[in-house]
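Report on the structure given below.
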Number of protein chains: 2
Amino acid sequence: MPRPKSHSRENLLDSALKAFWKIGYHVVSMGDLVRETGVSRAGIYSDFNGKEDLFHACLDRYQETVVTPAFAPVEAEGADIDSIETYLNNLLTRFEKSGGFGVGCLVGNTLTQIPEDAVETRQKLRAHCDRLTAGFHKVLTHESDDHGLLTPAEIGELARYTMISVQGIWSYSRLTEDVAELRAASDMLIRVLKSQLRGAPR
Amino acid sequence: MPRPKSHSRENLLDSALKAFWKIGYHVVSMGDLVRETGVSRAGIYSDFNGKEDLFHACLDRYQETVVTPAFAPVEAEGADIDSIETYLNNLLTRFEKSGGFGVGCLVGNTLTQIPEDAVETRQKLRAHCDRLTAGFHKVLTHESDDHGLLTPAEIGELARYTMISVQGIWSYSRLTEDVAELRAASDMLIRVLKSQLRGAPR
DNA sequence: CTTGTTTTAGAATGATCGTTCTTTTACATC
DNA sequence: GATGTAAAAGAACGATCATTCTAAAACAAG
């Protein structure tokens with residue numbers, strides 16, 4: 001009977017995810033990962049086929065343990081613009097708890113460094129962006145039904161625009177220590193969405 | 001009398017800039033730079049105090065040779081929202097000429113990987129963001145004078161929001177090959193600015 | 001405690017990193 | 001062409017990378 005591993009795959013992934021997220025895929029070393037995860041080199045290599053494979057697993061883990069809970073309000077049944085605001089507030093709270101500079105979004109951090117030929121990685125990043133866009137799209141469609149100011153094509157464009165703006169906010173969170181700057185941007189995005197959907201209230 | 005170098009500092013910087021921009025600071029190696037710039041190792045090290053110093057010089061060069069011309073419409077006297085549109089079209093054109101995936105913005109690419117203690121680098125990235133924000137701010141102030149819908153504080157927030165959205169667009173350009181997606185986002189941003197400034201037209 | 005198995009810590013490996021050094025080459029001046 | 005000087009080419013260096021291997025430790029079962 002095989003002896004169970006002393007480390008759990010989940011804990012390994014969570015620690016590695018944290019390191020990749022904060023430091024970046026290329027800069028973090030296997031030595032860093034051994035130290036941060038507390039798992040031996042052999043332990044890591046017995047669970048994963050090398051660094052890239054571990055990273056891909058971390059991208060999946062990121063979806064499950066970070067995006068899913070944070071984005072849940074938007075993906076929930078009957079979500080509306082306030083749900084998007086809740087989602088953004090979740091991220092602002094995460095930023096505040098981190099103290100100092102933020103770590104941004106693992107996906108956004110990665111895509112600015114992705115080589116042309118990293119097909120599988122790019123695919124995962126795109127899936128994340130499409131997931132966010134789809135979440136926003138559903139909300140915007142639902143909201144638009146009540147007002148009818150936008151065409152379906154415009155809703156699609158606004159949804160992707162929202163995703164892009166959110167990515168921008170989290171990029172910028174690596175550069176500022178001031179949550180007020182991020183909150184202002186977040187509030188502005190919400191205001192923009194409301195005004196696009198419902199016609200300029202102010 | 002010292003013999004002049006066969007390579008010019010400008011050409012060296014331009015080639016290194018291209019490599020850093022496309023591949024990223026950490027991933028590009030000195031060997032890559034020697035190959036891409038056509039300048040010998042000794043030549044590079046005689047002009048710069050190592051890789052980081054060269055990179056900082058490239059960040060400055062990026063401002064001079066990329067940002068200044070592209071952003072000129074916005075920083076010009078009497079610039080208006082159409083100038084921002086012209087700026088965004090400049091970037092879309094750059095994307096189209098590149099073929100395939102874009103390279104994004106050197107600053108945006110860098111800030112997602114910057115270590116906590118890279119003070120000088122962070123300072124340059126912030127300066128870039130502040131420059132963009134200031135350019136947008138001037139335009140929005142000018143435009144707002146004609147309509148007066150926004151408070152000065154709101155104009156400041158809208159300016160930074162604009163900068164953040166633009167960064168988001170260029171981040172995303174590394175993930176898509178479809179210029180239409182980027183154009184839609186760019187158009188959406190312009191529409192948003194107009195509607196925030198002038199009250200919702202549609 | 002002994003035996004068998006599995007994980008562990010960490011040494012070894014070959015590649016590559018940024019940087020330096022040495023040799024060769026190329027040019028200016030006589 | 002000969003001589004002196006500076007740049008170019010690339011070998012060399014120590015550090016570190018991802019990965020593999022080895023040997024010791026830790027546990028389960030008898």
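Below, read A as the first sequence line, B as the second, and so on, with proteins coming before strands; counting in each chain starts at 1.
Which of D:dA8, C:dG18, D:dT19 sits closest to the side chain of B:Y45 comes down to C:dG18. Side-chain proximity of A:K51 to the nucleotides D:dA8, D:dT19, C:dT19 is greatest for D:dT19.
A straight line from CG of B:L33 to P of D:dA8 spans 16 Å, rounded to a whole angstrom. The separation between A:I44 atom CD1 and C:dT6 atom P is 20 Å, rounded to whole Å. A:F48 has its CZ atom 16 Å from the C1' atom of D:dA18, to the nearest Å. Atom pair A:R9:CZ and C:dT7:P shows a separation of 15 Å (rounding to whole Å applied). We find that CD1 of B:I23 is positioned 11 Å from P of C:dC17, with the value rounded to whole Å. With rounding to whole Å, A:M30 atom CE is found 16 Å from C:dA15 atom C1'. Nucleotide D:dC21 holds its C1' atom 12 Å from the CZ atom of A:R41, rounded to whole Å. Note: NE2 (B:H26) to C1' (D:dC17) measures 14 Å, nearest angstrom.
Both the sub-6.0 Å distance and the 45° axial angle are not jointly satisfied by A:K51 relative to the ring of A:Y45. Stacking of B:R122 on the aromatic ring of A:F101 is recorded, both the 6.0 Å distance cut-off and the 45° axial limit being met.
Taking the six-membered ring for Trp and thresholds of 30 and 60 degrees, A:F55 and A:F20 have ring planes more than 60 degrees apart, a perpendicular arrangement.
Heavy-atom neighbours of A:K18 NZ from other residues, nucleotides or ligands within 6.0 Å: at or below the threshold of 12.
Two residues, B:S40 and A:E52, neighbour DNA chain D, and the one matched to the more 5' nucleotide by heavy-atom proximity is B:S40. In terms of position on DNA chain D, the residue among A:N49 and B:V39 whose nearest nucleotide sits closer to the 5' end is B:V39.
A:V27 comes within 4.0 angstrom of nothing in the nucleic acid, heavy atoms only.
Considering only side-chain N and O atoms, B:S29 lies under 4.0 angstrom from the phosphate OP1 or OP2 of C:dC17.
Residue pairs satisfying the ring pair (Phe, Tyr, Trp, His ring centres under 6.0 Å) criterion with at least one member in residues 68-87 of chain B, sequence neighbours excluded, are listed as follows: B:F71-B:Y87, B:F71-B:F136.
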